[in-house]
> 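My questions all concern the structure below.
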Amino acid sequence: ILYTMRAFSQRGRQPWVFCMQCVHFHRDGVTTGILLNMRIQELETYTQSQFEELKQLMTELSDRVSFSEQKLDDVLADSNCHLYVIMDNGHIIGCATLCVFHSPTGTKASIEDVVVSSAYRGQHLGKQLMEHVLEASKTFAPIELHLTSNPKRTVANILYQSLGFERKETNCYRMMK
């Protein structure tokens with residue numbers, strides 16, 4: 001399933017702020033979610049154990065995923081890729097990647113590899129991660145966001161639609177070289 005969303009800067013609206021004192025997210029004075037002992041951040045460097053945690057997360061997306069330190073290094077070195085992770089006491093328990101590109105019809109981005117560890121599901125962490133990515137995407141506004149999701153991932157598909165993504169009827173092609 002392919003979803004698209006257009007994000008435009010909302011003047012006068014404050015960005016999401018993670019409050020370390022009360023472990024809530026706030027925007028415009030409104031509390032929106034709770035991350036106990038957790039934070040969402042853009043990954044810039046990683047330890048070997050964090051690489052292993054990311055590798056495990058990728059296998060939860062698909063058992064056919066090929067993930068390596070070189071691929072992770074390539075993502076972190078690319079200024080158009082932004083890998084956001086949910087950290088729980090130094091451990092990576094969720095991630096999403098925002099890949100920005102420019103075309104003659106405008107700035108676009110693909111949101112890739114959105115996953116929360118199965119041990120942490122059901123706590124709305126995927127929603128908070130996606131809200132963080134959507135807020136970060138406003139830096140590039142106006143921007144058209146795309147993401148794909150396996151139809152079998154029912155909860156994820158409901159989440160994306162609740163965040164404003166619209167299902168797009170199109171043919172999606174892939175070529176591996």
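If you read the sequence from its start, that first residue is 1, and numbering goes on from there.
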> Identify the two heavy atoms, one from Ser110 and one from Phe101, that lie closest to each other, and give their separation to 0.1 Å.
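Scanning both residues completely, I find the closest heavy atoms to be N-CE2, 4.3 Å.
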> State yes or no: do Leu43 and Leu61 share one hydrophobic cluster built from I, L, V, M, F, W and Y residues joined by side-chain heavy-atom distances below 4.5 Å, directly or via other members?
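Cluster IDs for Leu43 and Leu61 match.
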> Tell me, with the steps shown, if His102 and Phe140 meet side-chain contact (heavy atoms from CB on, under 4.5 Å).
CA-CA 10 Å; His102 306 281; Phe140 307 100; 5.7 Å; no
> So, taking the atom named CD1 in Ile111 and the one named OG in Ser137, what distance separates them when rounded to the nearest 0.5 Å?
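Ile111 atom CD1 to Ser137 atom OG measures 6.5 Å (nearest 0.5 Å).
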> How are the rings of His132 and Tyr84 set to each other: parallel, tilted or perpendicular (split at 30° and 60°)?
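The rings of His132 and Tyr84 stand perpendicular, inter-plane angle above 60°.
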> Nearest 0.5 Å please: distance from the OG atom of Ser149 over to the CD1 atom of Ile158.
10.5 Å
> Rounded to the nearest 0.5 Å, what separation is found between the CD atom of Glu44 and the NE2 atom of His82?
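With rounding to 0.5 Å, CD (Glu44) is 11.0 Å from NE2 (His82).
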> Let me see the working for Arg121 and Val155 under side-chain contact (heavy atoms from CB on, under 4.5 Å), right down to the final yes or no.
CA-CA 10 Å; Arg121 291 186 189 151; Val155 173; over 6 Å; no
> State, to 0.1 Å, how close Val116 and Leu57 come at their nearest heavy-atom pair, and which atoms those are.
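Looking at all heavy atoms of both residues, the closest pair is C-CD2, 4.0 Å.
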> Is Ile40 linked to Leu54 within one hydrophobic cluster, defined over Ile, Leu, Val, Met, Phe, Trp and Tyr using a side-chain heavy-atom separation of less than 4.5 Å?
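Cluster IDs for Ile40 and Leu54 differ.
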> Does Ile92 share a hydrophobic cluster with Met130, counting links as ILVMFWY side-chain heavy atoms below 4.5 Å and allowing steps through other members?
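The answer is no; the residues belong to distinct hydrophobic clusters.
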> Give the intermediate values and the outcome of side-chain contact (heavy atoms from CB on, under 4.5 Å) for residues Asp73 and Tyr46.
CA-CA 9 Å; Asp73 291 341; Tyr46 61 91; 2.6 Å; yes
> Spell out, as yes or no, whether a donor-acceptor pair under 3.5 Å connects the side chain of Gln41 to the backbone of Met87.
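Side chain of Gln41 to backbone of Met87: no pair is present.
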> For Glu69 and Gln48, indicate whether the former's side chain and the latter's backbone hold a donor-acceptor pair under 3.5 Å.
no
> How far apart are the closest heavy atoms of Ala96 and Val114, and which atoms are they?
CB-CG2, 3.8 Å
> In Å, rounded to the nearest 0.5 Å, how long is the span from CD1 of Ile143 to CG of Leu98?
6.0 Å
> When you look at NZ of Lys108, are more than 12 heavy atoms from neighbouring residues, nucleotides or ligands closer to it than 6.0 Å?
yes
> Does the Lys71 side chain pair with the main chain of Ser66, one donor and one acceptor, at a distance under 3.5 Å?
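Indeed, once roles are kept as given, a pair shorter than 3.5 Å links the two residues.
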> If two hydrophobic side chains count as joined below 4.5 Å and joins carry through other members, does Val133 share a cluster with Leu72?
no
> List the atom of Leu83, the atom of Val75, and the distance in Å for their closest heavy-atom pair.
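What the structure gives for the nearest pair is CB-CG1, 4.2 Å.
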> Rounded to the nearest 0.5 Å, what separation is found between the CG atom of Leu129 and the CD atom of Glu131?
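One finds 10.0 Å between CG of Leu129 and CD of Glu131.
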> Same cluster or not: are Val115 and Phe51 linked, directly or through other Ile, Leu, Val, Met, Phe, Trp or Tyr residues, by side-chain heavy atoms under 4.5 angstrom apart?
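Linked within one cluster.
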> State the CD-SG distance between Glu60 and Cys95, to the nearest 0.5 angstrom.
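So the CD of Glu60 and the SG of Cys95 are separated by 10.0 Å.
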> Which atoms form the tightest heavy-atom contact between Cys99 and Glu112, and what is the distance?
SG-CG, 4.3 Å
> Give the minimum heavy-atom separation between Asn80 and Asp78, together with the two atoms involved.
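Here Asn80 and Asp78 meet closest at N-OD1, 2.8 Å.
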> If only side-chain N and O atoms count, and only distance matters, is there a donor-acceptor pair under 3.5 Å linking Asn157 with Gln161?
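Distance-only check fails for Gln161 and Asn157.
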> Given Thr45 and Leu76, is the side-chain contact (heavy atoms from CB on, under 4.5 Å) satisfied, shown in steps?
CA-CA 8 Å; Thr45 61; Leu76 298 182; 5.9 Å; no
